[in-house]
Engineer: 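First the structure, which I've put down as structure tokens, then a few questions once you've had a look.
Note that the coordinates shown come from a computational prediction; the quantities given were computed from them, not determined experimentally. Both backbone and side-chain heavy atoms feed into the values below; hydrogens, waters and symmetry mates do not. Counting starts at 1 for both ligands and their atoms, following the listed order.
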Amino acid sequence: MKRDGFTPWPIEFVERYTAAGHWRGKPLGHWTWSWAQEYGERTAIVDGEVRLSYRDLAEHVDALADSLLDLGLRDGDNILVQLPNSWEFVALFLACQRIGVAPVLALLAHREHELAYLADLADVRAIVVPDTWQGFDHQGLAGELAASLPQRCGVFVLGDDVSKSNVDLRSLLERWQDPARLRARLDATAPDPGEIALFLLSGGTTGTPKIIARTHQDYEYNARQSGAVCGFDAGTVYLVTLPMGHNFPLGSPGILATLIQGGRVVMIRSPKPEVAFPVIEREGVTVTSLVPAIAQRWVEAVATTEHDLSTLELVQVGGSVLDPAFAARIGPALGCTLQQVYGMAEGLLNYTRRDDPASVTNHTQGRPISEDDEILIVDEEGSPVPLGGTGELLTRGPYTPRGYFRAPEHNARAFSPDGWYRTGDLVRWHESGNFVVEGRVKDLINRGGEKISAPEVEAVVDTLPAVRRVAAIPLPDPEYGELVCVCVVLQPGRSLTLEEVRDLFAAEGVAKFKHPQQLEIVADFPLTAVGKVDKKALRQQILTRSEEQAA
Ligand code: OOB
């Protein structure tokens, strides 16, 4: 079912991607049974003591899809999903794909500030949460949020403590119908493969978060082609270490490519070495994906672990800058090959290849996966830079959508008139034909792979009466790469502390990872030639000031 606010690919590109075999004309949900037929009794998913075969998975997915229909969800509806890594989350994701319901993949760290916005933007018909998670009452918040929305919105809960007014997600997964008949019924009403399958969150560079609609066939290609490039096969045992609502573990190549290949997906709920290492040993994990901050913890912990990690073949690291000196330590420490991944929820994926020499895997962020990924590297005027020069990366391709969802004004800036996505990343070509990410022109803070929109932080700080002007900037952080620093010009005679700023973020229900870690009071902001805050100069000013204070 068509939704408004989606920017389609022009027809000539649809034809081109279809003719090339990238797009297969099938909804994502079609594949669950095609995998079950091919891989049948092999184990698809392991989650603690739960082990599901491909057939079990397909049956649970259909049972859940049917229950969602019973609850009134329909092709064209959207739901907000905020769940920990679990087999139920995978089943829910696939069940949605069976019936054309698109999940908005929120993070567990999100609170009312983010969830209320997303629920409204996507006009969601249900919110799916754990009962509690790390001491937070998600069920309570979801209930309040659902009640505050103009549309009817259900609350589905995963956990042992589901309140009577809500729907118990586990009960929806129970199988009681004849699987063949149910399958035929669901097949008959399968969604349009060119329609929206899921929404990924954008790192964002605007005051309000943006979401990215990914279609069934573009996302299937995203996963399948990633899997092919990364050598996923039936022997792959993929550990889901990062939160699965992220594009990286979900479909790059992640969970979906493992299932496409008939491998085994192993779920854990925390990336901590003490959680991951025993599971790697027990399940014989061969591949996982990490952000640099977590890779750092693993490399430190492996020195003293008693667990046997020798089955690990490939560790993929991406999401934020990886220091080349540290990169060189990862493979030897973990006894596997390092693969750098430079990707984005907006589409384009780059991987170093498994057989690249260390000079490439340690120093570059990989190259695109598709022969139809179009690449431009341009200067500030939009002209291509000479080969080897650094510029902004622009891209188009078979899994890079042409616009953000319901964001026409932002799209006019983020996409060129002929559909190129402006990544905001500064890159150059390495002589190996791979990208080196040199920096960015976009206004965000990358904290250990979690993206924080600077304008979003600024909009919150700006509501404080003491604040005349505010600018959020990234400063170096030893553990997470970057931290959020807010620079404030005060109103005359006023004062402000970091604690007051953080209290405000907590009171506003902003996700914890966005709370500022540093506050700098300045007399004024340096300005660019066109009168905007010169954040580069401001950052330099703050860094120099801290150095002087430390000396
Ligand atoms: C991944 O996706 P997002 O949407 O959270 O963030 C995308 C942005 C990129 O535009 C770039 O600024 C940064 O994150 N980034 C990297 C990087 N990988 C992503 N910066 C430096 N080095 C890298 N290797 O982060 C994502 C999506 C799919 C796979 C992997 C990562």
Engineer: At less than 4.0 angstrom from any non-hydrogen atom of M344, what atoms of ligand 1 do you find?
Structural biologist: 2 (O), 4 (O), 7 (C), 26 (C), 27 (C), 28 (C)
Engineer: Is V437 close to ligand 1, meaning an N/O of one under 3.5 Å from an N/O of the other?
Structural biologist: no
Engineer: Counting only heavy atoms, which portion of K451 has something under 4.0 Å from ligand 1: side chain, backbone, both, or neither?
Structural biologist: side chain
Engineer: Is R269 salt-bridged to D47, going by a charged N under 4.0 Å from an acidic O?
Structural biologist: yes
Engineer: Is there any N or O on R440 that sits under 3.5 Å from an N or O of ligand 1?
Structural biologist: no
Engineer: Mind telling me whether H22 and Y17 have parallel, tilted or perpendicular rings, with 30° and 60° as the class edges?
Structural biologist: tilted
Engineer: So, R111 and E508, do they make that salt bridge, N to O below 4.0 Å?
Structural biologist: no
Engineer: Could you find the nearest protein heavy atom to atom 4 (O) of ligand 1 and give me its residue, atom name and distance?
Structural biologist: A345 N, 2.8 Å
Engineer: Any heavy atom of H246 sitting closer than 4.0 Å to ligand 1?
Structural biologist: no
Engineer: What protein heavy atom sits nearest atom 30 (C) of ligand 1, and how far off is it?
Structural biologist: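 That would be F248 CG, 3.5 Å.
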Engineer: Heavy-atom contact check, 4.0 Å cutoff: does Q365 meet ligand 1?
Structural biologist: yes
Engineer: Which of parallel (below 30°), tilted (30 to 60°) and perpendicular (above 60°) describes Y404 and H410?
Structural biologist: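 Rings of Y404 and H410: tilted, as their planes differ by 30° to 60°.
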Engineer: Does only the side chain of S320 get under 4.0 Å from ligand 1, or the backbone, or both, or neither? Count heavy atoms.
Structural biologist: backbone
Engineer: Should the pair Y238 and F232 be assigned to parallel (<30°), tilted (30 to 60°) or perpendicular (>60°) ring geometry?
Structural biologist: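 Correct class here is tilted.
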Engineer: Assess whether a salt bridge exists between R440 and E482, defined as any Lys/Arg side-chain N lying under 4.0 Å from an Asp/Glu carboxylate O.
Structural biologist: yes
Engineer: Is the shortest distance from a Lys or Arg side-chain nitrogen in K514 or E450 to a carboxylate oxygen in the other one below 4.0 Å?
Structural biologist: no
Engineer: Taking only heavy atoms of K442 into account, list the atoms of ligand 1 that are under 4.0 Å away from them.
Structural biologist: 9 (C), 10 (O), 12 (O)
Engineer: What I'd like to find out is whether the side chain of V237 reaches to under 4.5 Å of the side chain of T311, using heavy atoms alone.
Structural biologist: no
Engineer: For ligand 1, note which part of Q340 has a heavy atom under 4.0 Å away: side chain, backbone, both or neither.
Structural biologist: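 Looking at Q340 and ligand 1, no heavy atom falls under 4.0 Å.
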Engineer: Please determine whether a side-chain nitrogen of the Lys or Arg among D356 and R367 lies less than 4.0 Å from a carboxylate oxygen of the Asp or Glu.
Structural biologist: yes
Engineer: Are any of the side-chain nitrogens in K535 or E458 under 4.0 Å away from the carboxylate oxygens of its partner?
Structural biologist: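 Looking at E458 together with K535, the answer is yes, because their closest N to O distance falls below 4.0 Å.
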Engineer: Provide, to 0.1 Å, the distance between atom 19 (C) of ligand 1 and the closest protein heavy atom, together with that atom's residue and name.
Structural biologist: G343 O, 3.3 Å
Engineer: Please work out whether any backbone atom (N, CA, C, O) or any side-chain heavy atom from C-beta onward of D425 is under 4.0 Å from ligand 1, and answer side chain, backbone, both or neither.
Structural biologist: side chain
Engineer: Is E392 paired with R422 through a side-chain N to carboxylate O contact shorter than 4.0 Å?
Structural biologist: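 Looking at R422 and E392, the cut-off is not met.
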Engineer: With atoms numbered from 1 as shown, which atoms in ligand 1 lie under 4.0 angstrom from a non-hydrogen atom of N247?
Structural biologist: 27 (C), 28 (C)
Engineer: Taking distance alone, with no angle check, do G319 and ligand 1 share an N/O pair under 3.5 Å?
Structural biologist: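 Between G319 and ligand 1 (N or O atoms, distance only) the closest approach is under 3.5 Å.
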Engineer: Between L349 and ligand 1, which part of the residue brings a heavy atom under 4.0 Å of the ligand: side chain, backbone, both or neither?
Structural biologist: side chain
Engineer: Quick check: V341 and ligand 1, any N/O pair under 3.5 Å apart?
Structural biologist: yes
